[in-house]
Amino acid sequence: MIIISKENPVIRLFTEHKNRIEGDALHQLKKSAELPGMQTAVGMPDLHPGNGGPVGAAFITHGIFYPHLIGSDVGCGMGLWQTNLRKNKVKRDKWARKLSGFETPWEGDAGEWLTGYNLNPSQFENALGTIGGGNHFAELQTVEKISDPEAFGALGLDKKHLMVLVHSGSRGLGASILRHHTDKHGAGGLEDNTDDATDYLKAHDEAIQWAEANRALIAHRFISALGTIGERVLDLSHNAVSRIQHDGQTLWLHRKGAAPSDRGPVIIPGTRGSLTYLVRPLKDQSANAWSLAHGAGRKWNRGSVRARLKSRYTPASLSQTDMGSLVICEDRDLLYEEAPQAYKNIDGIIRDMEASGLIRQVATFRPLITYKVRKNR
DNA sequence: ATGTAC
């Protein structure tokens, strides 16, 4: 852990290798830390530049909170399902052909699905059960290695079964919520107990639920397409603001691309061509604002990846990874933007958090099929 | 990251 600033506000970087962190990302972290009411800003080892603030960061404020630090994909997160498919009966290519249509509206009753999550129908039902773009995906995985059998078993996990990991968010709903805020307040915050704060938090909490319902429906569509059933193991949002009590104060904990580490085990995917880690947070999580890295984090910005890789990689070569997995991504631009080479090495991200005393490993998972998108945008 | 506008 590297201390950037000892007080007013506290700024900590949870890496053992500062050169892992881009200068722009650190600058964004420091800039965001200057906002009024800021007490603590922490950067995770996957810290990288973002839109309204850095991604891979958590911020603690008093008396005011900042929607632009959460970003537009309110509720975005990771969900893990255990399926009834067995590791000894993998039919990778046959299964890949069965996976399609996760970018078009679900054939079922989306309004009824939302009711199961205590949500009323909104104007975004057509997007429910769709993965979206960018770094979102749904991925079939096998268990690679178990390092903490007790924690692994306590989640009901079985190494013989295949898993589905879903990374998606609140689609247009979250975007509309941030737009509504920034149209009036820009990058300004919302003070405690104001009407605008109450309205934002109500919409925010609904988007958190909507995103969870969305991941569940994506998993349902994915698992059904493979002709089997599955059970949710865990689901955590890495874009959210929460009210917390700490040292007798009521504070706001903002997470942007930062997984919560106060709700049990956490799933941290690497790239589509690397392992996913299941980890167990260790006891005291206050220094890191009860937050962990949410993935590998970008190394190269989206716009620069194609130029860097086009001479060495064809779209067909990027559709198979070094791990032997398939990537279903029929949007060529996205296939390059999301290439594993554009991301940091997840093993180093995990090692950083172990070295900082934040986590222990529980298990790793190996990708088999990653579904991103079938159609061109 | 998004739906929409360019």
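Letters go in sequence order (proteins before strands), and every chain restarts at 1.
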Atom pair distance, as rounded to whole Å: CH2 in W210(A) and P in dT2(B): 10 Å
Are the aromatic rings of W81(A) and H220(A) close, with centres under 6.0 Å apart? no
Rounded off to whole Å, could you give me the CG-to-P distance for the N126(A) and dT2(B) pair? 15 Å
Is the phosphate of dA1(B) approached by N51(A) (side-chain N or O, under 4.0 Å from OP1 or OP2)? no
Atom pair distance, as rounded to whole Å: NE2 in H167(A) and C1' in dT2(B): 14 Å
Grab the CG-C1' distance between L173(A) and dT2(B) for me, whole Å please. 11 Å
H238(A) NE2 to dA1(B) C1', straight-line distance once rounded to whole Å: 11 Å
Look at the aromatic rings of H238(A) and H167(A) and report parallel, tilted or perpendicular, splitting at 30° and 60°. perpendicular
In terms of relative ring orientation, are H204(A) and Y200(A) parallel, tilted or perpendicular, with 30° and 60° separating the classes? tilted
Round to a whole Å and report the spacing from CD1 of I218(A) to C1' of dA1(B). 13 Å
Gap between atoms CZ and C1', on F124(A) and dT2(B) respectively (whole Å): 9 Å
Hey, what's the ring geometry for F65(A) with H254(A), parallel, tilted or perpendicular (30° and 60° as the breaks)? tilted
Does dG3(B) have OP1 or OP2 sitting under 4.0 Å from an N or O in the side chain of R171(A)? yes
Round to a whole Å and report the spacing from CG of D73(A) to C1' of dT2(B). 8 Å
With a cut-off of less than 4.0 Å, is there a side-chain N or O of R302(A) near OP1 or OP2 of dA1(B)? yes
